Asker: 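Here's a structure for you.
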Amino acid sequence: MIQKVITYLFHLLLGMNILFATSIMTSCSHFDEFYSASLPVPEGNDYATHFIIALNNNPAELKRFHALMNNKEPLYSHISLKQGLDYGMYYFIPYKEIGQEQVGGALYYPLDHIELGHENIQLTNILKQPKLINSDIINNEIPLDKRFLYSRAFVDLEHAGLHVGHNLKTYDYLKDAIIAIPKGEVNTNIPRTRSFSEGNFLEIELAFDAKYIGVPVKIDNNYVIYGISKNLLEQWTTKVLRDWFIQQGQYTLHWQHGFCIRLQIKNSAIPHWAREIGKYFFCDALSREIIYLALQKQFDLSIQYRYSEFINHKRDFGEKWEIVKDPVKQDSTGATTFTPLQEQTESLYSEFIEDCNTIPNASITKSDFISMMDSLFKPKELSGGVYSKYGNFSAFIDSVHKNNNIEYGIKMGNYDGSTLVSKVYTDNKEYSVAHTIERSTIIAVHNHPNGTPPSPRDLLSTCNIATDKNLPNFKGHVIYTDQDSTYYGLIIENREKASIMADSLKNEIGQDNDFMGNGKIKKMLICYQYKYQGMNEAEQAIAKLALVCKHYNHAIRIVSYQKNNKKKDTVVYYIDKNYKPIKCRN
Amino acid sequence: MKTIYSFLVILAMSVSCFAQTPKSTTRAILSNEEVFKFLEDFNKNEINTYIGGPASSLYYRLKNSPFNIQHMSTIPSNIWREGDGKNYVLGVILYNMPIQEIEKNAEAITVYIWLNIDNHFIEEWKFWKDLPKKNWMEGILNQTKNYYVTDFQFKKMRIGK
C-alpha cells in the first residue's frame with residue numbers, strides 16, 4: 001500500500017515537473033517572439049518611418065527597444081530627428097506609461113550617420129546604445145548647465161498638443177533667464193587651457209541641441225538630409241564674433257565633448273553695449289545670433305550657455321600674477337531658443353486679386369473712364385477763331401516726352417459746345433502744376449516725372465473739387481506716368497463722401513505732397529503696410545491710396561489705363577471690408 | 001562671507017533678470033500707463049546704452065520687457081521728397097497692440113527705432129517683399145538686427161477717423 005502511494009506521488013511529481021518545464025519553455029518561446037517581433041512601419045512621420053526601418057533591420061536593437069518600452073507606449077507620430085549635446089545625431093522617441101495620459105519621458109536613440117560634405121548627411125540604419133530620459137534623470141543626473149536642453153524638448157511636445165508631465169519641463173524656466181550655479185552643483189573647476197597669458201577674459205560654454213525641420217530625401221537608395229555639422233556651428237559662431245568686431249587673437253574656440261563649444265574672449269574685446277549691461281547679456285545675444293543664422297538654414301536650435309569670468313590675480317604675498325576664476329563671481333547659466341513673436345494668422349497679399357463682383361459698379365466706372373480717355377485721344381480738327389485757344393492731347397504727350405523733369409497739365413471740358421482739351425500748361429516745377437478748374441472742366445491731366453502713381457495731394461485735390469458745388473461737371477484727376485505709359489484716374493464716386501474726406505484730409509497732407517508723419521492717415525497706412533508686403537512697388541502705392549479711399553467709404557475710385565496698339569487695358573482697384581486688395585480688369 | 005555676499009548679489013541679479021522676463025500673462029494685465037511709464041524710465045536710464053549698438057540688443061531688451069510687441073512696421077522716408085520717387089526704410093516701429101485693436105481705435109503705444117539704415121538706401125517695397133510671410137515680424141527684426149540704433153522715440157497713437 002505504502003509502495004503504491006509512493007509510486008503515485010512519484011508519478012504525480014514527475015507529471016508536475018514535466019508540466020512546469022513545458023510551461024517555462026512555452027513562455028520563453030512567447031518572450032522571444034514578443035521581443036523580436038518586427039514593428040509595423042508607421043506612416044505620416046518620416047522620422048518614425050526611418051527609425052522603425054532601422055530598428056526592424058537590427059534584431060538586437062529591436063529586442064532592446066521592446067525591453068525598454070515594456071509597459072510604455074511609444075508616441076510614434078511625435079518621433080523627431082535631432083542632433084544634440086550628448087548623443088550626436090539621435091531619434092527622440094517620446095512615450096507614455098501605459099494607462100497614463102501624460103508624456104512620461106523619451107528614449108534618446110543615437111543613430112550613425114555619414115557626413116557627405118556641403119552639410120549633407122546620409123542616414124544609416126545603425127542604431128547605438130539608447131538612453132531613457134525621464135523627469136528623475138533630468139532633474140538629478142543631468143548637469144544643471146545642460147538641463148534646459150532636455151526640458152525644452154518636452155516643452156516642444158506640449159506645443160504640439162501633448163500633455164507633458166510638469167517635472168519634465170522644470171528647467172524650461174531658464175529660457176531668456178539666468179541663474180547662478182551653486183558651487184558643487186556642476187563641476188566647473190575642471191582643468192582647462194588658459195588661452196591668454198594676461199588680462200581678464202570671459203569663458204562661455206555653448207551647448208547646442210538642434211531639431212531638423214526638413215524632410216529626408218532619397219538619393220541612390222540612401223536617405224540624405226541637409227544637416228548641421230560642428231563645422232557649420234563653428235562658422236556661425238565666428239561669423240557673429242566677426243560681425244561684432246571681435247578679431248581672431250582676441251578669442252579662442254575649442255570643441256568640448258559632444259555638441260558644445262567653449263569660447264574664451266578677452267574682456268577688452270567685448271562690445272561696449274554688452275559690457276555695460278552684463279556678461280549674461282553678451283552670452284544671450286551671442287546665442288540669439290547663432291539661432292537666427294540656424295533658422296535661415298531651417299534648423300530649430302536651442303542653446304544653453306554657461307559662463308565664468310577669469311581675472312588677473314596675485315597670490316597672497318606672491319610676486320607672480322596669474323589668471324584665475326574671479327573669486328567673487330559665480331558661474332552662471334542661461335538659455336535661448338527661438339520663439340517667434342506672436343502674429344495674427346490672417347491673409348497677406350502679394351497682388352490685387354481679380355474679382356469684379358465685389359467692386360460695386362466696376363463695369364460702369366471702367367466704361368466711363370474708357371470713354372473719357374477716348375475723348376482725350378480723339379484728334380480735334382477744329383482750328384482758328386474761337387478754337388484757337390484750345391489744344392491737342394498729343395501736345396501734352398510730346399511735352400512730357402521732351403522733358404519729363406517737370407510737371408505739365410492739360411484739361412478737358414465742355415467748351416464752346418464741344419468736348420475739347422486746353423493747351424498744355426506748366427509751372428516749370430518738378431512736383432506740381434496748378435490746374436484752374438472751371439465749371440465746364442471734366443478732367444484735369446498731369447504727369448508725374450518720377451513715375452509714381454497718384455499722390456495723396458492729388459487725392460485731396462480731387463476731393464476738394466468734388467466738394468465745390470460750382471464745379472458739378474468735374475469727374476476727376478488723371479495722372480500720367482511716362483515710364484510705363486500708364487494713366488491713373490482718381491474718379492469721384494460720391495460727392496458727399498468726398499466732401500467729408502476733403503475735410504478730414506486737409507490737415508493730413510504736407511507740402512511734400514505726402515501724408516504727414518504725425519497725421520492719422522499716415523499712421524494708419526504704416527500700420528497696414530504688412531498686409532500688402534508681397535506686392536511690387538506700384539501696386540503697394542496703389543494699395544495704400546485705395547486703403548485711404550476705403551477709410552472714407554470709397555468716395556473716390558482708382559482706375560488705371562494703358563493703351564498698347566489698339567488694346568486698352570483698364571483696371572479698377574479696390575480694398576474690401578476685410579482689407580483684401582481687389583481689382584477688376586477688362 | 002565675501003562669497004556669500006557675492007552669491008546673494010548674483011542671486012538678486014538673477015531675480016531681476018526674471019523680473020525683466022515677464023510671462024505673457026503678466027504682460028497682458030499691464031495698462032498702457034504702466035507700459036508708458038516703463039518706456040519713460042527706459043528712455044531716461046537705459047537707452048544711451050543701446051544708442052550706437054546693434055539693433056539686436058535693443059530688440060532683445062524690448063522683447064524681454066513690459067512692452068509686449070504685438071505688431072510691427074517700418075519707418076518710411078518720404079516718397080515724394082526723394083528725387084528718384086523711391087521710398088526707403090529708415091527704421092522699425094513696434095506696437096503694443098495687435099492690428100485688430102488698433103483698427104477699433106484703441107490707443108496703442110508705438111516705439112520708433114531709428115537705424116543707420118538710411119544711407120543703405122533699402123527700398124521699402126523691396127524690404128517688405130523679401131520678408132517671409134510666416135514670422136514676418138521676426139523677419140523685420142532679423143533683417144535689421146545688425147544696423148546700429150541712432151535714435152529712439154515712443155508715443156501714444158490712435159488711427160480712428
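Proteins get letters first, then strands, A, B, ... in listed order; numbering begins at 1 in each. Source: prediction; values computed, not measured.
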Asker: Rounded to the nearest 0.5 Å, what separation is found between the NZ atom of A:K520 and the CG atom of B:N105?
Answerer: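 If we round to the nearest 0.5 Å, A:K520:NZ and B:N105:CG are 6.0 Å apart.
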Asker: Closest approach of A:E289 and B:S56, non-hydrogen atoms and distance?
Answerer: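 The pair with the smallest heavy-atom distance is OE2-CB, 3.4 Å.
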Asker: For A:I526 and B:S73, work out which heavy atoms get closest and say how close.
Answerer: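 Residues A:I526 and B:S73, closest heavy atoms: O-OG, 2.6 Å.
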Asker: Could you give the distance from CZ (A:R288) to CG (B:N142), rounded to the nearest 0.5 Å?
Answerer: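 Interatomic distance, A:R288 CZ to B:N142 CG, rounded to 0.5 Å: 12.0 Å.
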Asker: Please flag which part of A:Y349 lies under 4.5 Å from any non-hydrogen atom of chain B: side chain, backbone, both or neither.
Answerer: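 Backbone only.
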Asker: For the CH2 atom of B:W128 and the CG atom of A:L348, what is their distance to the nearest 0.5 Å?
Answerer: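 If I round to the nearest 0.5 Å, the distance is 9.5 Å.
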Asker: Rounded to the nearest 0.5 Å, what separates atom CD in A:Q540 from atom NZ in B:K126?
Answerer: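 Atom-to-atom, A:Q540:CD and B:K126:NZ are 12.0 Å apart.
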Asker: Under 4.5 Å from any heavy atom of chain A, what part of B:F127 do you find: side chain, backbone, both or neither?
Answerer: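 When you check distances to chain A, no heavy atom of B:F127 falls under 4.5 Å.
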Asker: As a test of understanding, state which of A:E537, A:E539, A:Q529, A:Q533 forms a side chain to side chain contact (heavy atoms under 4.5 Å, CB included) with B:W125.
Answerer: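 That would be A:E537; it is the only one of A:E537, A:E539, A:Q529, A:Q533 passing the side chain to side chain contact (heavy atoms under 4.5 Å, CB included) with B:W125.
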Asker: Can you tell whether the side chains of A:K531 and B:E103 come within less than 4.0 Å, N to carboxylate O?
Answerer: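 No salt bridge links A:K531 with B:E103.
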Asker: To the nearest 0.5 Å, what is the distance between CG (A:D243) and CG (B:N146)?
Answerer: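 Between atom CG of A:D243 and atom CG of B:N146 there are 5.5 Å.
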Asker: So with a 6.0 Å cut-off around NZ of B:K156, is the heavy-atom count from everything else above 12?
Answerer: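 Result for NZ/B:K156: enclosed.
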Asker: What distance separates A:Y530 OH from B:I140 CD1, expressed to the nearest 0.5 Å?
Answerer: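 Rounded to the nearest 0.5 Å, the OH-CD1 separation comes out at 11.5 Å.
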Asker: Measure across A:C527 and B:H71 and return the closest heavy-atom pair with its distance rounded to 0.1 Å.
Answerer: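 Closest approach of A:C527 to B:H71: O-NE2, 2.8 Å.
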Asker: Under 4.5 Å heavy-atom distance to chain A, tell me which part of B:L131 shows up: side chain, backbone, both or neither.
Answerer: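 Contact with chain A involves both backbone and side-chain atoms of B:L131.
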